[in-house]
Each structure stands twice: as C-alpha cells, then as structure tokens.
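Notes for the one structure printed next.
Position 1 is the first residue of the sequence; numbering continues from there. Both ligands and their constituent atoms are indexed starting at 1 by order of listing. We use all heavy atoms of the structure for the numbers below, so side chains are in, but hydrogens, waters and symmetry mates are not.
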Amino acid sequence: MSVNKDIFQPARDFNYDFQSAGQPPPGWARADRLPDALVPTHCCFCGVQCGMYLRVADGQVMGVEPRDSPHNRGSLCPKGVVAYQQVNHPDRLTSPLLRRGGKGGRLERATWNEALDYVVQRWRALQAAHGRDAIAVYSGSSMANEKCYLMGKFARVGLGTRHIDYNGRLCMSSAAVAYARAFGLDRSPLPMTDIPLAECLLVVGSNVAECFPIATNWLWRARDNGARLIVIDPRETPTARTADLWLPVRPGTDIAVLNAMLRQVVHDDLVDEAYVGERTVGWEAVRAAVEPYTPEEAERIAGVPAERVVAAARLYGQAARSLILHARGIEHSSHGVDNCLACINLALARGQVGKPGSGTTMLTGQGNGQGGREVGQKANQLPGYRHIDQPEDRRFIAEVWGIPVEELPWEGAAAPEMVQLMAGGQIKSCLVACSNLMVSLPDNAVVQRALQDLDLLVVLDFFLSETAELADVVLPCSVWCEDEGTTTNMEGRVVKINQAAEPPGEARRDWEIIAELARRLGRGQYFPYRSVRELWDELRRASRGGVADYAGITWEKIDAQGGVFWPCPSEDHPGTPRLFTERFAHPDGKARFFPIAYTPPAEEPGGEYPFRLTSGRVVYHYLSGNQTRRLGFLNSQAPEPWVELHPRAAARLGISDGERVRVRTPRGAMELKAVVAPTIRPDTLFIPFHYGHAQAVNQLTNPAVDPTAKIPEYKVCAAAVERLDVPPGPGVAGPRVNFTPATAPKMFPYAVGESRTPPEAEGKVY
Ligand SMILES: Nc1nc2c(c(=O)[nH]1)N[C@H]1C(S)=C(S)[C@@H](COP(=O)(O)OP(=O)(O)OC[C@H]3O[C@@H](n4cnc5c(=O)[nH]c(N)nc54)[C@H](O)[C@@H]3O)O[C@H]1N2
Ligand SMILES: Nc1nc2c(c(=O)[nH]1)N[C@H]1C(S)=C(S)[C@@H](COP(=O)(O)OP(=O)(O)OC[C@H]3O[C@@H](n4cnc5c(=O)[nH]c(N)nc54)[C@H](O)[C@@H]3O)O[C@H]1N2
Ligand code: SF4
Ligand SMILES: [Mo]
C-alpha cells in the first residue's frame, strides 16, 4: 500500500520549530513504526462520526486506518485523517494554569490542588455573597454523552445553579424547536443510508460537501441512481455546482422561496391529500398562508428568478420520494424556527415524512450535536430530552439523582443570554468546558468585556483557546481518544468512542475533573463515579421513559450492531433507525403544520452598509479553529480568513483578487484578503469563521436571536467592503435595523438567587 507520508507528519508550522529544535519532542510518536494495536473508534469532528481505527504503539497514537462503519464505509475526510495529530501535539496543555497577580497578571503553572482549591474557595464565596445562580456553566457538544450528562448534573446538583447551557444553542437549536413542534420529537427521522433511495434531494442552506464530506458520498449514490438535486444557497457551493438547479437566495429570505414552492405544489395539484388528512393537523391554514407567495413575489424578496422557483417546485413536487436536507444556512437566523417549519410544511404537504428515503432531515453539525442536546446540558432540559418545567420530569430526575425535587433548579439562561447576564454583573463566574466563546459568539467585543469582567473564569481545554487566554484558571483535559464514551451522530445513531492513549503530563479526563470539583464542593456523594461505564449506566437510567430513551443501549449492542438508534427502551429492542413510520410523537400521533410568513432579517442592508454579510465554514477547519489551526496540513490550506465577493461588486469598488480589504458592520471592522469569485451573489459577502482575535468574523456579526430558540443570526447582517485606501468615514444613513422586541437579544428575565422559583410559563414551547 502506498502511504501519503505527509499526513503522518506532525504539525510543523504551529508554535513548534522542528528545524531549530532538531528533534521531535519526547513522546512524539514516529509514523514509520508498526502499530501494536488498532483501536476502533470514531472521528472527533463533525456529526457524521465516521468510524476509524487509531494506530497505537507503546501507548502512543501514531496514525489512522480505515474502518468500515455502516455510515462511512471506510472513508475519512481531510480533517478525520489528521485528527490524531492533536494527541501528541506540542501545544497540549499539560498542567493547570492560574492567573497570578490579579486580572492584569499572567497565567502560570500551578498544581491541581492549588488550582482546584482556588476555584472552589472563590465559588463558595461568590455563592455566599450573590446566590447560587451567580455561577454559570457553559458546556459543549464535542464531548461524549457521558460528559455532557455530567455537566448538566454538576451545574444543577454540584453547584445548584440554574444557569447551564452549551454551544449547541449556537448551532441548530432552531431546527430542534421546529422538529419538536411539528413532529413532537427532535431527531433526524432517517439514517444516512436512506439518502440513495430519494428521487429528489433539496439541500437548503448547507455546504454539504465541505461540512459533511463523507455524508456527501450518500448524495453521490443517490445521483448514481438518477436522483435530481436542487440547492438553495447564496453561494454556488461545491454541491450546488453539481446540481440540476441552483437557487441563489438572498441571505435571510428563504421563507419566500419555500412558501412559493409550496404554493406551486398546491396549484399543480401535487398535495398528498390522503396523507395530509390522515397524518397531519393544520393544513388549511398553511394552504391559505402560502397563497400570496407567487413566484414573482419570491423573486422580489429573495432575488431568485421566478421560473427557477417554479422549476424547483415541479422537480421536488413530482418526485415520488423527495428529501429535504437543511443546515445552518437557514437555522442561523432570527427566524430560524420558522425557516425549518417552512421546509417541514413542504414535505408534509407532499406526504413525504415517515417514509424511507424521503421527508426532511437536519444535518447535525457537531460530533455529538445530537446527543449533546438530549442528555441534559441545555438550559431548559433534563436527561432523556425531559423538560425542566414539567413536574413529573423533575420528580423522575430528582429521584435518579437522589435529591429532593425542591432542590432542582428551574430553567436558566440560554448561551447568548448568559453573556448578557455576565456583562450585567449578575453572573460572576463561569465554568467553560469544550467551547471557545471568544471566537464563536456573535458581536465578540461584548463577549470579551463580559468574560473579562467576571470575578472568576475557569476553562477546561486541551489547547489554550482564545477564551482560555482570558481565564483566571485553565484546567488541562483529555482529547477525545484519551477517554471512552458514546456519541450520538447526525442520524441518531449512538456509537462508541474507545480510549487509545493516556492524557499527557498532568492533564486529566474532563469527567474526573468535574467529579473532583463536586467532591471539593462537598457534593461528592452525588458524584461517586469510578469509570465512564458507571456514568453511562446512570445516563441510561435517567433517560428511561424519556423522549430520547437510551435505556436499552449497551456498549456491547453498539459494537455488535455498528451503533444503536434511539429510542431504544429495552435491552431486547434493536433501536429505531426510521422514525414516524406509523405515527408522529405528538399524543394524537399527528404532525403539525404551521403557517409561516416571511419576515426580514433583524438587520437589512442600506445606506453605508449595502451588502449582506454571511459566514460559515471551509472543509479544512473545524469551528473556532482552536484544534484545526494547529494541524499543519489543514492550516497550510487555509491559514487565514478571507472575504468572498462577486466580480461585479469587486469591479465597482475597485477591488482586485487577493488584495487586502476592510469589511465593516455597525459592530466593528476587520481587514482581510479579498477572494473575487463568481460563485457568490453580487449583493452578498462570505467570511469563514474559524479564526480568532482580529481575524474573527464575529467582531462583525449581529447578536439578534430567534425569539424561541435563542440561536444567533450568524447568516446575515448589513456590511460594507472597501479598499484599505478608502477612509472608513462616519458614513451616511446607517442600515435599516429591524430590531423588534422579539428579535432583539432579550435580557434574561430572572434575577440571581432564584433557582428555586419556577419562571412564568412564557414561550415554553420547547
Ligand atoms: N469542515 C467543517 N465541517 C463542519 C464544521 C466545520 O467547522 N468545518 N462544523 C460542523 C458544524 S458544528 C456544523 S453546524 C455544520 C454546518 O454545516 P453547514 O450548515 O452546511 O455550513 P455553513 O458553512 O455554516 O453554512 C451552510 C451554507 O449556508 C449558506 N447560507 C448563508 N446564508 C444563507 C441563507 O440565508 N439561506 C440559505 N439557504 N443558505 C445560506 C452558506 O453560503 C453556506 O454555504 O458543519 C459541521 N461540519
Ligand atoms: N459567525 C459565525 N459564528 C458561528 C457559526 C457560524 O456559522 N458563523 N457557527 C456556530 C456553530 S454552528 C457552532 S457549533 C459554534 C461552535 O463554537 P465553539 O463551541 O466555541 O467552537 P469549538 O471550536 O468547537 O470549541 C470547542 C473548544 O473546546 C475544546 N474541546 C474540544 N473537545 C473537547 C473536549 O472533549 N473537552 C474539552 N474540555 N474541550 C474540548 C476545543 O479545543 C475548543 O477550544 O460556533 C458558532 N459560531
Ligand atoms: S466527515 Fe466528519 S466525522 Fe467524517 S472524517 Fe470528516 S470531520 Fe470526521
Ligand atoms: Mo454547529
């Protein structure tokens, strides 16, 4: 077998100069050794969760081999192939760091005892002075289910605070709300292996080929079978380039197109009346609601030629099996829930949901993006997708945890609201695990002030992130393959991550650090875990009977079946790959239609800011980039951000390809390289978001959120782009800002010290 040696090389160009150092650091595994073992596991990056083997020699991870899991069939993308290079990376944090000399001081090495004692003593003092809710926990979905579960329990039982939320809030919380509302349950209704059964694929707001490269193989199989492909995206993505139809929508205007497609389906008599009558509720209101959305109206609002809207409706509507795949392009919106519901309306009207190879599916982003949102680290949620406001759910979980139900806090602030509570001084300390807020939250000048003003910021990470740089205490943790556990991939398939190495130096596993903090807080009796398996067994018990029921999933069954789909209520149950085949998850078994009207984004272009700025991903980097910017091969392909703009816009502004330019929004400005490309709408700019500090696009983005899901509107705000020799003057009229009470980021309504008081039942759909 010929091996591309490059991919086995350590990252040469990040913080470690091998040339002058001469030799790799001690402990760096050599790629040319034969492995002692191949450890079966899954990739740590996106929601596809490709199976892989890690090559291990002398306890060191030294490479990767293909593994034939049912959903990736041996393939890996460029990120999966080099993921293992994080393990022995010279930038790994190997001892706790403590900021000495107050806020202006430096982060310096400390012992675990010193660091943990300091954290616990400060937390006790802050809670005594300001109430339990003065501390927040901000978690993440790149961690295994067991750890995400532990974070929720630690916040509510260890610290007794109501404030816990996680980065999935920024990811697809709008799709989660939409599925819960329409179907009664939030999970992709079918496995990836169903995609080749579809006759028509409608991709709405996803750069599938760059963001889910291996899931894309299933799209190609569908194409091989003759499936037609339609893509709705302001950019002609690699997937759009191969499509039968590309609908270049103006950012933030998809509802006009989706409603017009549904109207055309109605006018062409393509509604599945039998299905609609038997399996759904609310159709008549939707039929009436879409009537004003003529193809011409869609063209006016969304900038997509009317005849393309009609053609898309016919391709989609005439297929016997059609599948809508949607992602952050429509979900990162101040009306993200409505965007997803508009997709669902279309699929329900065509009678597609609950059948093989058809319906709708959300392309879940993070490795454990699905599991992370159902095991209880979300502000309004308890394990098993239970709701924190439901008395019977509260009783059940309090019993599993062995605490009086009155001690269980109520709903806390969602991630963007937490930032406001920090900025407002109500939250005094935050424990961040598995998130890099300084890069990922919108309007990050405000985020920086909020984090810097905290009395105590504690960060668990294995590389010093932009957020960890601001911390008072940094606790070094394990990378994914230094621990075991389960993740739930984008299909709802629970898979097993296996341990291939020990954490380096003094680094510890996340769950060990959290359990130790609980012990030092005097809550050790609730956190007696000696292994991840004990945590897993408790999670199974806590999910029993819930919407996301893991009770019957054992690690052995995962191994035997190549993963188990939840719900899986008992050990003799095989799991549930396809949902809604007979009934939907609402008590009456029927799906719900919701009439959706187009509303403009929270900020529209105008005056000084004539462009729509959108942001997203490239294939070589992962999220905030804290991991992939350190992996030499990946970083060499995309070492810095750029702004994509259309040749017509560039010509008008005198900008040439490769030139450095300034992009401005009402919140900030940044300088970066221009990439002039005909693949983007002339009124739109695109910047990838994987970079920190002065290279972060979130200096510019709008913090407006969806009123229910609280997901930020990353995908559209008003912007200007200009040559660097143009002074950034005070400008003429500002953008037209559509802030309404519903879309404005709302201050969380509860004061601190109120964990034991139920909130008013306002907007508690999910
Ligand atoms: N390489 C890579 N892969 C990843 C990740 C990564 O960071 N890097 N992250 C993972 C995670 S957590 C996530 S959430 C997913 C995200 O996966 P995707 O949602 O596919 O990725 P994005 O780049 O955020 O946005 C998708 C597309 O939305 C388009 N878009 C922008 N505005 C609009 C709009 O108003 N309407 C429509 N229809 N489209 C619009 C953009 O042009 C872009 O092509 O990827 C996962 N996979
Ligand atoms: N402008 C703009 N902003 C966006 C988006 C966008 O499209 N545009 N997308 C949004 C989306 S979809 C997402 S998902 C968010 C993601 O935003 P973040 O969650 O902030 O991004 P990550 O890079 O995943 O941050 C994870 C951090 O935890 C560390 N980490 C990884 N694994 C572990 C682990 O097992 N344990 C611990 N303790 N730490 C770990 C990593 O080193 C990294 O520093 O960003 C959002 N922000
Ligand atoms: S597609 Fe996703 S899970 Fe698969 S190798 Fe790439 S990043 Fe990893
Ligand atoms: Mo995400």
Side-chain angles (χ1 to χ4, degrees), residues 42-52 64 69 71-72 75-83 86 93 138-144 147-148 151 166-173 211-217 327-329 331-332 363-369 372 415 432-444 459-468 475-480 482-483 485 487 489-490 497 509-511 513-514 613-617 619 621-630 687-690 692 696-702 711-715 717:
H42 294 264
C43 177
C44 61
F45 292 126
C46 86
V48 182
Q49 286 295 279
C50 296
M52 58 165 63
V64 68
S69 293
H71 51 297
N72 72 305
S75 303
L76 293 174
C77 83
K79 290 182 298 304
V81 164
V82 296
Q86 298 172 87
L93 297 172
Y138 192 115
S139 190
S141 280
S142 285
M143 293 189 292
K147 298 185 195 187
C148 297
M151 294 305 290
Y166 76 121
N167 60 13
R169 179 73 66 180
L170 320 178
C171 185
M172 48 191 309
S173 51
C211 295
F212 309 98
I214 301 306
T216 312
N217 292 343
R328 307 313 85 79
E331 295 159 22
H332 281 161
L363 296 165
T364 294
Q366 299 181 77
N368 195 25
V432 174
C434 196
S435 225
N436 190 2
L437 293 59
M438 268 307 296
V439 175
S440 57
L441 280 168
D443 195 6
N444 65 19
V459 174
L460 262 71
D461 211 313
F462 41 77
F463 291 135
L464 196 74
S465 66
E466 286 76 3
T467 308
L475 301 175
C477 62
S478 48
V479 300
W480 96 114
E482 290 160 355
D483 199 359
T487 58
N489 82 344
M490 63 197 296
I497 306 293
R509 296 172 184 86
D510 299 84
W511 66 271
I513 300 170
I514 297 297
L613 169 66
T614 192
S615 62
R617 298 159 167 74
V619 68
H621 280 302
Y622 191 66
L623 299 179
S624 74
N626 191 38
Q627 295 165 269
T628 47
R629 277 184 274 127
R630 294 173 207 271
I687 302 179
F689 94 101
H690 311 289
V697 69
N698 278 325
Q699 298 171 101
L700 312 182
T701 46
N702 187 349
I711 195 170
E713 187 148 79
Y714 293 118
K715 288 298 189 269
C717 69

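Applying the 4.0 Å criterion to heavy atoms of Leu460 picks out, from ligand 2, the atoms 37 (C), 38 (N), 39 (N). Within ligand 2, the atoms closer than 4.0 Å to a non-hydrogen atom of His332 are 5 (C), 6 (C), 7 (O), 9 (N), 10 (C), 12 (S), numbered from 1 in the order shown. The distance from ligand 2 to the heavy atoms of Val697 drops below 4.0 Å at these ligand atoms: 1 (N). Atoms of ligand 2 lying under 4.0 Å from any heavy atom of Ser465, numbered from 1 in the order shown and given with element: 44 (O). Heavy-atom proximity to Gln366, at under 4.0 Å, picks out these atoms of ligand 2: 14 (S). Counting atoms of ligand 3 from 1 in the listed order, those under 4.0 Å from a heavy atom of Gly80 are 5 (S). Proximity to Pro213 (heavy-atom distance under 4.0 Å) selects the following atoms of ligand 3: 1 (S). Against a heavy-atom cut-off of under 4.0 Å, Ile214 is close to the following atoms of ligand 3: 1 (S), 4 (Fe). Proximity to Cys43 (heavy-atom distance under 4.0 Å) selects the following atoms of ligand 3: 3 (S), 5 (S), 7 (S), 8 (Fe). Of all atoms in ligand 2, listed by their number and element, those nearer than 4.0 Å to a heavy atom of Asp510 are 36 (N), 37 (C), 38 (N). Close contacts between ligand 3 and Lys79 involve ligand atoms 7 (S) [criterion: under 4.0 Å to a heavy atom]. Each of the atoms 7 (S) of ligand 3 lies under 4.0 Å from some heavy atom of Phe45. Set against the non-hydrogen atoms of Met143, the atoms of ligand 2 under 4.0 Å away are 34 (C), 35 (O), 36 (N). Atoms of ligand 2 found under 4.0 Å from any heavy atom of Cys171 (numbered from 1 in listed order, with element): 12 (S), 14 (S).
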Please walk me through it: do Val697 and Leu613 pass side chain to side chain contact (heavy atoms under 4.5 Å, CB included)?
CA-CA 10 Å; Val697 69; Leu613 169 66; 4.3 Å; yes
Is there a side chain to side chain contact (heavy atoms under 4.5 Å, CB included) between Met143 and Trp511? Walk through the geometry before answering.
CA-CA 10 Å; Met143 293 189 292; Trp511 66 271; over 6 Å; no
Decide side chain to side chain contact (heavy atoms under 4.5 Å, CB included) for Val439 and His690; before the verdict, give the C-alpha distance in whole Å, the side-chain angles of both, and the deciding distance to 0.1 Å.
CA-CA 8 Å; Val439 175; His690 311 289; over 6 Å; no
For side chain to side chain contact (heavy atoms under 4.5 Å, CB included), just list the numbers for Cys477 and Ile513, CA-CA rounded to whole Å, side-chain angles, deciding distance to a tenth of an Å, and then say yes or no.
CA-CA 8 Å; Cys477 62; Ile513 300 170; 4.1 Å; yes
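A distance of 10.0 Å separates CG of Asp483 from CD1 of Ile497, quoted to the nearest 0.5 Å. Interatomic distance, Ser624 OG to Glu466 CD, rounded to the nearest 0.5 Å: 6.5 Å. To the nearest 0.5 Å, the span separating SG on Cys44 from OH on Tyr622 amounts to 8.0 Å. Note that CG of Leu464 is 7.0 Å distant from CZ of Arg630, once rounded to the nearest 0.5 Å. Between Ser435 atom OG and Leu460 atom CG the span is 12.0 Å, to the nearest 0.5 Å. Separating the NE2 atom in His71 from the CD atom in Gln49 is a distance of 7.0 Å, to the nearest 0.5 Å.
With contacts defined as side-chain heavy-atom distances shorter than 4.5 Å, the pair Arg617/Phe689 qualifies. No side-chain heavy atom of Met151 sits less than 4.5 Å from a side-chain heavy atom of Tyr166.
When the heavy atoms of Trp480, Tyr714, Phe462 are ranked by distance to atom 32 (N) of ligand 2, first place goes to Phe462. In the candidate list Glu331, Lys715, Arg328, His621, Lys715 is nearest to atom 7 (O) of ligand 2, counting heavy atoms.
The protein non-hydrogen atom at the shortest distance from atom 25 (O) of ligand 2 is Asn436 N, 3.4 Å. For atom 43 (C) of ligand 2, the closest heavy atom belonging to the protein is Asp461 OD2, 3.5 Å. At the top of the distance list for atom 24 (O) of ligand 2, counting protein heavy atoms only, stands Leu623 CD1, 3.2 Å. Atom 8 (N) of ligand 2 has Ser615 OG, 3.0 Å as its closest protein atom, hydrogens excluded (heavy atom only). In this structure, atom 23 (O) of ligand 2 lies nearest to the protein heavy atom Ser624 OG, 2.6 Å. From the protein, the heavy atom lying nearest to atom 4 (Fe) of ligand 3 is Cys50 SG, 2.3 Å. The nearest protein atom to atom 47 (N) of ligand 2, hydrogens excluded, is given as Ser440 O, 2.9 Å; this is a heavy-atom distance. If you check which protein heavy atom lies closest to atom 10 (C) of ligand 2, you get Leu170 O, 3.6 Å. At the top of the distance list for atom 6 (Fe) of ligand 3, counting protein heavy atoms only, stands Cys77 SG, 2.3 Å. In terms of protein heavy-atom proximity, atom 12 (S) of ligand 2 is closest to Arg617 NH2, 3.0 Å.
Pairing each heavy atom of Asn702 with each of Cys717, the nearest pair is CB-CB, 3.9 Å. Listed here is the closest heavy atom pair of Tyr138 and Ala415: CE1-CB, 3.6 Å. Of all non-hydrogen atoms in Arg328 and Lys715, the two that sit nearest each other are O-CG, 3.5 Å. Residues Glu482 and Ser478 approach most closely at OE1-CA, 3.3 Å, considering heavy atoms.
Between Lys147 and ligand 2, not a single N/O pair is under 3.5 Å apart. Residue Asn698 has at least one N or O atom closer than 3.5 Å to an N or O atom of ligand 2. Residue Tyr622 has no N or O atom closer than 3.5 Å to an N or O atom of ligand 2.
Asn626 and Ser465 are not linked by any side-chain donor-acceptor pair at a separation below 3.5 angstrom, with hydrogens and angles left out of the test. Judged by distance alone, the side chains of Asn368 and Ser141 never bring a donor and an acceptor atom under 3.5 Å apart.
Only backbone heavy atoms of Gln49 (N, CA, C or O) come within less than 4.0 Å of ligand 3; its side chain stays farther off.
Between Gly140 and ligand 2 there is no heavy-atom distance shorter than 4.0 Å. In this structure, Gly365 does not count as a contact residue of ligand 2, since none of its heavy atoms falls inside 4.0 Å of the ligand.
Atom 4 (Fe) of ligand 3 has no N, O or S atom of Cys46 inside 2.8 Å of it.
Below 30°, between 30° and 60°, or above 60°: for His332 and Tyr714 the angle between ring planes is above 60°, a perpendicular geometry.
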